[in-house]
Amino acid sequence: MSLDAKRVAFLTAKARAIRREIITMVYRANSGHVGGSLSATDLLVALYHEVMRHDPRHPGWPDRDRFVLSKGHCTPVLYATLADAGYFPREDLATFRRVGSHLQGHPYQPKTPGVDASTGTLGLGLSTACGMALAARLRGAPHYTYVLCGDGEQQEGQIWEAAMFAHKYRLDHLIAFTDRNRLQTDGGTEDVMPLDPLVDKWRAFGWQSWEIDGHDFEAIIDAINAATSSSSGRPTMIVANTIKGRGVSFMENVASWHGTPPNEHEHALALEELA
Amino acid sequence: MNRIMKQTRQGYVDALIEMAAAIPELVVLDADVAKATKTCDFEKKFPERFFNCGAAEQNELSIAAGLALEGFLPFATTFGVFATCRAGDQLRASICYPKANVKVAATHCGISTGGDGASHQACEDIAITRAMPNLTVLVPGDYEEARRATIAAAKHRGPVYLRLGRDSYPVVPELHGDFTIGRAKLLRDGSDITLVSTGIMVSEVLEAATTLAAEGVSARVLHFPTVKPLDLDPLLAAARETRGFVTAEEHSIIGGLGEAIAAAVAEAGAPSALRRVGLKDVFGESGTASDLFDKYGLRAANIAAEARALLASVPA
């Protein structure tokens, strides 16, 4: 057991609060990506509250662990998590996607404290993370670089270019997740462009890879512990099976909640469910 | 005429090797064309600072961005067509938008790439890179200017696109003074017309000026090793003091230096007659660089002809 019951309860409550922020941010902005933010919430909560060495008072601390949101459209979960951790005031979330805000639709590293890399067009975040992990290796720095990829994102060829690079340069301090919610903008991933068997693909590219339940905090922590304790010389891809829209019954497993904002009624209903 | 010929790509790599000891953050990336770009020379001397990404230019440019975020000084090297077209999104989103301190060095630009044909001859890259915010665009004219441009790029904070060729090009001693990003070079003074070069067209432009001088035409020659930001002052002076411009670039006439100058002088209230020598909205083809320059009209004779036509149409 990596976590005691009290800790699990803390993380669960934290995730519920983050999900409320996500719903409200996208509702206020009347645009943004709610489904994939809700599916990734537990992963980010585990990373920022249980796993990563980081200091919100010093976003540029050289020894911090890095996080790259390769599925860059899911800024609501990233910004809500960073604000909650103290990287910037929670009130800033009300400016999401508005003119003049530091909270751009997709992550923009020069503007937002706590954002380690600019991403947005799919596929390039994993490569950027490879560059960051290579830099750490060249400096002999012990920190880890964590990446969150979408599953639909892995239809981009650049993902597999990065996969080969990380294997060639033995980037074993690169730990990636797939938010395997099985839905993308136009429908199910296996209908739009099949990805299975995904774990086998990553293993074939020389990564250590396995599946977990991406909503089970213990499973998430155990997987990361397994990745960091092995000195295999291999990068890690943890395929986290998740539910798109997780936590809001009418959003769960519905592809149309990929990029559609909730209306006033839906916003209220969702907050009720997440109360 | 016996000219000394040298490669601009060699000037680039020689500068990298020269700087490597003093700049420990300097690293070089390539994408399976290290023998063609000459970065193999750097690899031999600094193997631990050289990273071959394989035939994967999109990954290469984003990797470079990641290295830059962590304080390294990456020179990402590949052919121009790959740097700007195949990996155009990565150049834009990974490097230019977040102002990553990456230097993108593109060899095999222009039709002097030769035998490989149009698929490998970057003739749109200036247009593409000019349009990208935060990006400095350098187009040196010979080996030594390429060497100096590379050193200037390393010192410059922010994204730089460095345009290089494949062929050997005439050494032009007039280019070998200080290299300052954003500054044009006055190579010949003149009062009738202004001839403008960028990149390796400089030798053809100088030859055209000599031809015109023999005909009694006084041609000013301005050379632009920086296409962006554009050095406006010498252009405005030339617009006032001469009867117009002939621009020459080994690039499409669309989106290149000629268009940049036409727009800049017009907006500054000094619209001038202007004629462009370059690829006339066509792809190149396989051939020797020399034969292609003849066929596509990139010779001193073409530049001189445009100058005569301009002078015939603009009252003195």
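In this text, all values refer to a predicted model and were calculated from it rather than measured experimentally. Throughout, a chain's letter reflects where its sequence line sits, starting with A, and its residues are numbered from 1. These numbers come from the heavy atoms of this one structure, side chains and all, not from hydrogens, waters or symmetry mates.
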Exercise for review: Go through the atoms of A:K168 and report whether side chain, backbone, both or neither lie under 4.5 Å from a heavy atom of chain B.
Suggested key: side chain
Check your understanding: Quick one: do B:E70 and A:R139 make a salt bridge, cutoff under 4.0 Å?
Key -> no
Exercise for review: For A:P110 and B:P98, work out which heavy atoms get closest and say how close.
Suggested key: CG-O, 3.6 Å
Practice item. Compare all side-chain heavy atoms of B:E57 with those of A:E161 and state whether any distance is below 4.5 angstrom. Key: no
Exercise for review: Output, in order, the C-alpha distance, side-chain angles, deciding distance and verdict of side-chain contact (heavy atoms from CB on, under 4.5 Å) for B:Q58 and A:L124.
Suggested key: CA-CA 8 Å; B:Q58 301 172 45; A:L124 53 77; over 6 Å; no
Study note, to complete from the structure: Of A:T119, A:L126, A:T128, A:T121, the one forming a side-chain contact (heavy atoms from CB on, under 4.5 Å) with B:S62 is A:T128
Study note, to complete from the structure: Closest non-hydrogen atoms of A:Y169 and B:F50, given as atom of the first, atom of the second and distance, are OH-O, 4.3 Å
Review point. Which atoms of B:E48 come close to chain A, meaning under 4.5 Å heavy atom to heavy atom: side chain ones, backbone ones, both, or neither?
Key: backbone
Review point. Top residue by heavy-atom pair count (under 4.5 Å) with chain B, among A:Q109, A:H106, A:R66?
Key: A:R66
Review point. Tell me, side chain or backbone of A:E156 under 4.5 Å from chain B's heavy atoms, or both, or neither?
Key: neither
Check your understanding: Measuring heavy-atom distances to chain A, does B:L69 have an atom under 4.5 Å in its side chain, in its backbone, in both, or in neither?
Key -> side chain
Point to revise | Shortest non-hydrogen contact from B:I63 toward A:C130 | key: CD1-CB, 3.3 Å
Review point. Would A:Y108 and B:Y97 count as a ring-ring contact (aromatic ring centres under 6.0 Å, His included) if you check the C-alpha gap in whole Å, the side-chain angles of each, and the deciding distance to 0.1 Å?
Key: CA-CA 9 Å; A:Y108 188 54; B:Y97 174 43; 4.1 Å; yes
